[in-house]
Amino acid sequence: MRELTLAEALNEALREEMRRDERVIVMGEDVGVAGGVYKVTKGLLEEFGPDRVRDTPISEAAIVGAAVGAAVAGLRPVAEIMYMDFLTIALDQLVTHAAKLRFMSGGQLTVPLVVRCQYSLGRVHGSQHSQFFPSWFLQSPGLKVVLPSTPYDAKGLLKTSIRDDNPVLFIEPGALYHRIRGEVPEEDYTIPLGVADVKKRGDEVTVVSVSRVVHEALKAAEILEQQHGISVEVIDLRSIQPMDYETVVKSLMKTNRLVIAEDSVKTGGVSAEVAAYVAENAVEYLDAPIVRVNSPPLPTPFSPELERLYMVDAGKIVDAVVGLVK
Amino acid sequence: MVVQQLYKVLSDDGKIITETSYTLSKNKLVEMYQDMVRARLFDEWMLKIHPMGRVSRFPPSIGQEASMIGSIHALEPGDWVFPTYREFPVFLARKTPLQELFNRMFASKLDILKGHEITLYGNRDRRIVVPSGPVALMIPVAVGFAMALKHKGEKDICIAYFGDGATSKADFHEGTNLAGVFKTPIILFCQNNQYAISLPVAKQTASRSIAAKATAYGIASERVDGNDILAVYEATRKAAERARTGEGPTLIEAYTYRIGPHTTADDPRTYRTEEEVKKWLQKDPIKRFRKHLENLGLWNKEKEEKLISDFKEELRKVTMETEKIEPPNPETILQDVYSEIPWFLEEELEELNR
């Protein structure tokens, strides 16, 4: 099968959905003429014109706010926020508006909106362009939160998100846009939201992961099998709201050991929520304490050496798994 | 810098001092007046029953009736309204039945918002979008909605209501700027009622007027006496014309005064003087318009008395009716969070039914 980069797969999903449904529009900073600063919206302006591919002023609150309004009016906007960091400016619109309008209005208003953003951890962008805080949005019922890790998942999940009648926050691992390639079918396919994917089968330790770190977990699994003889199952959550705990618990029934590895800082991150769920509902399947592998709770440092130290990588996951099995 | 003059049509004693660009039928004039009186009575009734505890928080609009009713009457029934929490006169002028408003205020079982929200009102069928509690939040949303109307080739336009306080928020600036860039068919209608809770407008902004802010965004503006319903009507019509003919947005500043408290939770005596309120009471928009109608021979004491007693009776009846309606069912809290009920809410429902 043909291979695409993550950015190409996302671009194809947007293009196919815009061809399929004329209500789909794209808006954001530099998404038109420039094709997106990371080229995810490349060529869309040429194919669909400036009414459907709108370059906007540098106004994140207005980008998300106007996209909410357009969604309520019956379009299906995909708003791009260039960096996840800049979501903070649009939080009111996303959290206080998009997430709540259906509920507040007693079901009168529907917000079929996708807000795409990327986090640049791993690209030495410093503390203000590397933040990863998806767990904030677990406190925002009404939103769905989707985090693809591979080109295949990215295309299928983005298409589903665009067709979903709820506001979806779609967080992409920017550092991998052009760095990873993967098989992507040319035909139309979708992946349901809220269904995790077992990226690698194994039976001694379950590693639950999401987004960029899924690839580190897969590297770690290979090292663990070859060098330590430990069989690891790698689960990619793919979306954290809703979260697929069933797949996680099913795996634990077999492995009885859980490592959670992802890019949030450790305090209150995605891993904390997964650990809490397992502790509350599935502790009887555990033979050892839950181990979390996260970034330390401090801003992302800029220096490449310091950033490497800060980030979760395959080596840290290997150490965690070995420590757990010993 | 020269401050744009306040546009006036009626003198304080109800005489026409500026020729208008439109003529209103006698029926329309009377209807607008009746809407103003009903709005005032509705407010007074709400303030009266609030201490009894069924209505949680109420933001009265006393003093601002001309701004609200003049503007909504200048629009078509198909135009979309993005109100704030204070626009009850607008809802009444859109002929919202009292029962529907009371179900909302009392959060009864028949409330169209299913008891999910505080005393905000919206009904999509009347083209009134549920407002936001936090000020200015709806401005970019209204701009995006208007953008979508234009995108779909519809002739309808949007009006977004907000107050002087909202113009200090980023959402106002980002939204107004975007409306200018996209030339969206929207009226940004600011009621400068002189106070944002306790803060007077002079401490809200160093701008000489709210209307002046339009200049920076390259959009049209109107600055009107907000207690003069005919001036408000004309300014809004002009803005609507611009929006409908593709000329883009207009920022209207309706210069008015909030006679009552910010909400029932506020005591304005702590931040403004009796003299100031008295001065504004003399500019009462309802009295001014009544004099005009009396001058035209369209209104008299008998009509006034009948309007008041009929509407008061209606308010009393609807209140009693609504008192009898039960609160929403417990399951209602799980509805409309998502378009479908996800597994984790189904679990909550099981808990609820246990």
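In what follows, chains carry the letters A, B, and so on, assigned in the order in which the sequence lines appear, proteins first and then strands, with residues in each chain numbered from 1.
What you find for B:Phe145 and A:Gly69 is that their closest heavy atoms are CD1-O, 3.4 Å. Nearest approach of B:Pro140 to A:Ala62, heavy atoms of both residues: CB-CA, 4.0 Å. Of all heavy-atom pairs spanning B:Asn177 and A:Ser59, the tightest one is ND2-OG, 4.5 Å. Of all heavy-atom pairs between A:Val72 and B:Arg124, the closest is O-NH2, 3.1 Å.
Counting heavy-atom neighbours within 6.0 Å of A:Gln128 CD, excluding the residue itself, gives a total of 12 or less. By the 6.0 Å contact criterion, CZ on B:Arg57 is open, its count of non-hydrogen atoms from other residues, nucleotides or ligands being 12 or less. Other residues, nucleotides and ligands contribute over 12 non-hydrogen atoms within 6.0 Å of the NZ atom of B:Lys169. No more than 12 heavy atoms of other residues, nucleotides or ligands sit less than 6.0 Å from atom CD of A:Glu280. A 6.0 Å sphere centred on CD of A:Glu22 holds no more than 12 heavy atoms belonging to other residues, nucleotides or ligands. A 6.0 Å sphere centred on NZ of A:Lys254 holds more than 12 heavy atoms belonging to other residues, nucleotides or ligands. Within 6.0 Å of the CD atom in A:Glu246, the count of heavy atoms belonging to other residues, nucleotides or ligands does not exceed 12.
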**Message:** A:Asn166 vs B:Glu340, test: side chain to side chain contact (heavy atoms under 4.5 Å, CB included). Steps then yes/no.
**Reply:** CA-CA 9 Å; A:Asn166 301 284; B:Glu340 69 285 344; 3.4 Å; yes
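The candidate with the highest count of non-hydrogen atom pairs below 4.5 Å against chain A, out of B:Val143, B:Ile112, B:Val181, is B:Ile112. With respect to chain A, the highest number of heavy-atom pairs below 4.5 Å among B:Gln335, B:Met138, B:His173, B:Glu154 belongs to B:Met138. Ranked by non-hydrogen atom pairs under 4.5 Å with chain A, the options B:Thr332, B:Leu137, B:Thr184, B:Leu345 are led by B:Leu137.
Although no hydrogens or angles enter the test, the distance criterion places no donor-acceptor pair under 3.5 Å between the side chain of A:Asp165 and the main chain of B:Ser339.
Contact annotation for A:Asp244: neither backbone nor side-chain heavy atoms come within less than 4.5 Å of a heavy atom of chain B. Of the two parts of A:Arg54, only the side chain, counted from C-beta on, holds a non-hydrogen atom closer than 4.5 Å to a non-hydrogen atom of chain B. Neither the backbone nor the side chain of B:Trp80 comes within less than 4.5 Å of any heavy atom of chain A. When heavy atoms are compared at a cutoff of 4.5 Å, A:Gln241 approaches chain B solely by way of its side chain, counted from C-beta outward. Both the backbone and the side chain of B:Asn123 come within less than 4.5 Å of a heavy atom of chain A. At a 4.5 Å heavy-atom cutoff, B:Pro328 makes no contact with chain A through either its backbone or its side chain.
Looking only at side-chain heavy atoms (C-beta outward), A:Gln93 and B:Asp171 come within less than 4.5 Å of each other. Counting heavy atoms from C-beta on, the side chains of B:Glu174 and A:Ile58 never come closer than 4.5 Å. Counting only heavy atoms from C-beta outward, the side chains of A:Thr96 and B:Ser132 never approach each other to under 4.5 Å. Counting only heavy atoms from C-beta outward, the side chains of A:Arg23 and B:Lys152 never approach each other to under 4.5 Å.
To the nearest 0.5 Å, atoms CZ (A:Phe103) and CD1 (B:Ile333) are separated by 7.5 Å. Atom CG in A:Leu101 sits 9.5 Å away from atom CD in B:Glu117 (nearest 0.5 Å). With rounding to the nearest 0.5 Å, the separation of CE in A:Met104 from NE2 in B:His116 is 11.5 Å. Atom OG1 in A:Thr56 sits 10.0 Å away from atom CE in B:Met147 (nearest 0.5 Å).
Side chains of B:Asp336 and A:Gln108: no donor on one and acceptor on the other come within 3.5 Å.
At least one test fails for A:Arg102 against the ring of B:Tyr338: distance under 6.0 Å to the centre or angle within 45° of the axis.
Interface residues of residues 135-144 of chain A toward chain B, defined by a heavy-atom distance below 4.5 Å and sorted by number: A:Pro141, A:Gly142, A:Leu143, A:Lys144.
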